[in-house]
2 protein chains.
Amino acid sequence: MALNEIMRPALAASHFRAACSNCDLRELCLPIDLTDDEMQRLEMLSHHKSNFPAGGYLYRSGDHFKSLYAIRSGSFKTRILHDDGREQVTGFLMAGEIIGLDAISTDTHTCEAVAMEASEVCELPFAKLEALSREIPSLQRHLYKIMSHEIVRDQGIMLLLGSMRAEERLAAFLLNLSQRNAVHGMPPTRFTLRMSRLEIGSYLGMKLETVSRTLSHFQEEGLIRVKARAIEILALSRLREVMEKP
Amino acid sequence: MALNEIMRPALAASHFRAACSNCDLRELCLPIDLTDDEMQRLEMLSHHKSNFPAGGYLYRSGDHFKSLYAIRSGSFKTRILHDDGREQVTGFLMAGEIIGLDAISTDTHTCEAVAMEASEVCELPFAKLEALSREIPSLQRHLYKIMSHEIVRDQGIMLLLGSMRAEERLAAFLLNLSQRNAVHGMPPTRFTLRMSRLEIGSYLGMKLETVSRTLSHFQEEGLIRVKARAIEILALSRLREVMEKP
DNA sequence: CGTAAACTTGAACGCACTCAAATGGTGTGG
DNA sequence: CCACACCATTTGAGTGCGTTCAAGTTTACG
């Protein structure tokens, strides 16, 4: 497994933008190939929720499962909460990605999704999606692939959390963001973090101070430039080396 | 999220034992409700591979994806390999569980599955399974649920790796094994580990020495009794407390 | 423009790692 | 059935990475 595939690979963000009344759902998370007629049927079952506020909950842990959501614009974080107060950020999701897959298993959301900025989502009622996927084989296959893709992504993060050091984790994280930002038309070496050091730390299994220190260290090494949440990658290839050296 | 749900919950092992010519597939991983006729059709598409040898590969990383596998007896570990030699065990799978879900995404296996003892599996050709699931709604729903369940499990392990200490991780691991063993008719407080300290360490993100030391420590505390790979849990509730105290 | 939150940096600590050696367990061939 | 070899496991001692605690500084936002 190539190291640049460890975290959510570029295709996660680039393909699949499924049907929804106001979204181009033709590229929802993975490539989907539907006829115009099929596309229209997919669009008919979706609702559009616009102007989702920053900090707002898309759903909470324990909520009854009804729909998947396709992020049309903005970004979300998902997290699971512990009884004892600890929390773990399990993902940062960007436009074009699908959110809510965890809830299918038990018909209850096991994590919660919070908007990190003003965002728009398409609601995809799962019962309808399921029924339609029975009639459109390529849609069914697509749903299976999206879910499998999420499994691969999560296992990549298990590798990261289980066997990488702090520097390697952060390098992997930055490179992953770089890839995913590039997909949205932004330059791969300049982007703005949507999340705090605390959230990055929770995601990567380290403390916020360690995140901050490691970013500073990368800057001293000339690998990146950090200015608050603005990141500029100065040496992509050397950053990859950081990640690949045990 | 309750702490005893963090790792693969009991239902993962208890329910779903899907159709396969020689297996009772009626309970494959999650409850499945099919008519006799539907069951027969599910069984018709499956092959039975018996006598899978210990240490043998069910599939390797990079193999072309063709089938899912239902474990009929025995157990497997799945792991992802790094370019630089590091490996991460991503799961220990027991009878009744489904293996190979990661490969649907790209039609290529991203991890490898190795038998930890002599095992039997049912092969479920995915193309046929997919087609049949279009005709049997409850089978389709079942497949979605199994995949979602794997996502929930993986995210539980992310929580474990990202925010728990060594003692807590190992306590969670033992309690999870206890649950899953109970499901197979074995007493919940006495079971045999199928995996080495090295493999446990890889799975839990710690070194084998730390696994060993922590087991010894639990024994000194009177929580468990360890004799090589034989484990006896002496104080289930106190072991849960270990896991729940930050 | 002022306040609170986010971030950076420093210093000391501690958990888990590394290195190393001894012990125990397992399987195989004599 | 035992002896040997090999691998798995345990245990010890010392180290280091990341944490904790504690300022000080910058940024975001009303």
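Residue numbers begin at 1 in each chain, while the letters A, B, ... track the order of the sequences.
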Nearest whole angstrom, please: distance from the C1' of D/dC17 to the CD of A/E209.
-> 14 Å
Residues two or more places apart in sequence or in another chain: which of them pass ring pair (Phe, Tyr, Trp, His ring centres under 6.0 Å) with B/F76?
-> B/F52
Check step by step if side-chain contact (heavy atoms from CB on, under 4.5 Å) holds for A/V114 and A/Y57.
-> CA-CA 5 Å; A/V114 185; A/Y57 283 85; 3.7 Å; yes
Enumerate the residue pairs fulfilling salt bridge (Lys or Arg N to Asp or Glu O under 4.0 Å) with a member in residues 55-64 of chain B, sequence neighbours excluded, ordered by first and then second residue.
-> none
Can you run down the salt bridge (Lys or Arg N to Asp or Glu O under 4.0 Å) pairs that involve residues 211-227 of chain A, sequence neighbours left out, and say none if there aren't any?
-> A/R225-A/E232
Before giving the answer on side-chain contact (heavy atoms from CB on, under 4.5 Å), spell out for A/L161 and B/M158 the whole-Å C-alpha distance, their side-chain angles and the decisive distance to 0.1 Å.
-> CA-CA 7 Å; A/L161 292 173; B/M158 286 169 60; 4.2 Å; yes
A/S67: what forms a side chain to side chain donor-acceptor pair (under 3.5 Å) with it, not counting sequence neighbours?
-> A/E123
Nucleotide D/dC17, atom C1' - distance to CZ of A/R169 in whole Å | 11 Å
Can you list the residues that meet the side chain to side chain donor-acceptor pair (under 3.5 Å) rule with B/R194, with sequence neighbours excluded?
-> B/E117
Hey, can you pull the residues of residues 210-225 of chain A with a non-hydrogen atom under 4.0 angstrom from DNA chain D?
-> A/T210, A/R213
Apply side chain to side chain donor-acceptor pair (under 3.5 Å) to A/K207 and list each qualifying residue two or more places apart in sequence or on a separate chain.
-> none
Start and end of the DNA chain C segment that chain A contacts, any atom under 4.0 Å from a heavy atom | C/dA6 to C/dA11
Looking at residues at least two apart in the chain, or sitting in another chain, which of them share a ring pair (Phe, Tyr, Trp, His ring centres under 6.0 Å) with A/F191?
-> none
May I ask you to say what A/G205 touches in the nucleic acid, namely base, sugar-phosphate or nothing, with a heavy-atom cut-off under 4.0 Å?
-> sugar-phosphate
Which residues share a side chain to side chain donor-acceptor pair (under 3.5 Å) with B/S73, sequence neighbours left out = B/E120
What's touching nucleotides 23-30 of chain D from the protein side, N or O pairs under 3.5 Å?
unit_1 : atom_1 : unit_2 : atom_2 : d
D/dT27 : OP1    : A/K227 : NZ     : 3.4

Rounded to whole Å, the NZ-C1' distance (A/K207 to D/dG18) equals 10 Å
Please list, by residue number, the residues of residues 189-196 of chain B whose heavy atoms come closer than 4.0 Å to an atom of DNA chain C; answer none if no residue qualifies.
-> none
Sort out for me which residue in B/D154, B/V152, B/D102 forms a side-chain contact (heavy atoms from CB on, under 4.5 Å) with A/D154.
-> B/D154
Given the options A/T110, A/L58, A/I99, A/L101, A/T78 meets side-chain contact (heavy atoms from CB on, under 4.5 Å) only with A/I99
Report the distance from atom CG of B/L93 to atom NZ of B/K77, rounding to the nearest 0.5 Å.
-> 12.5 Å
In whole Å, what is the span from the CG atom of A/L208 to the P atom of D/dC21?
-> 13 Å
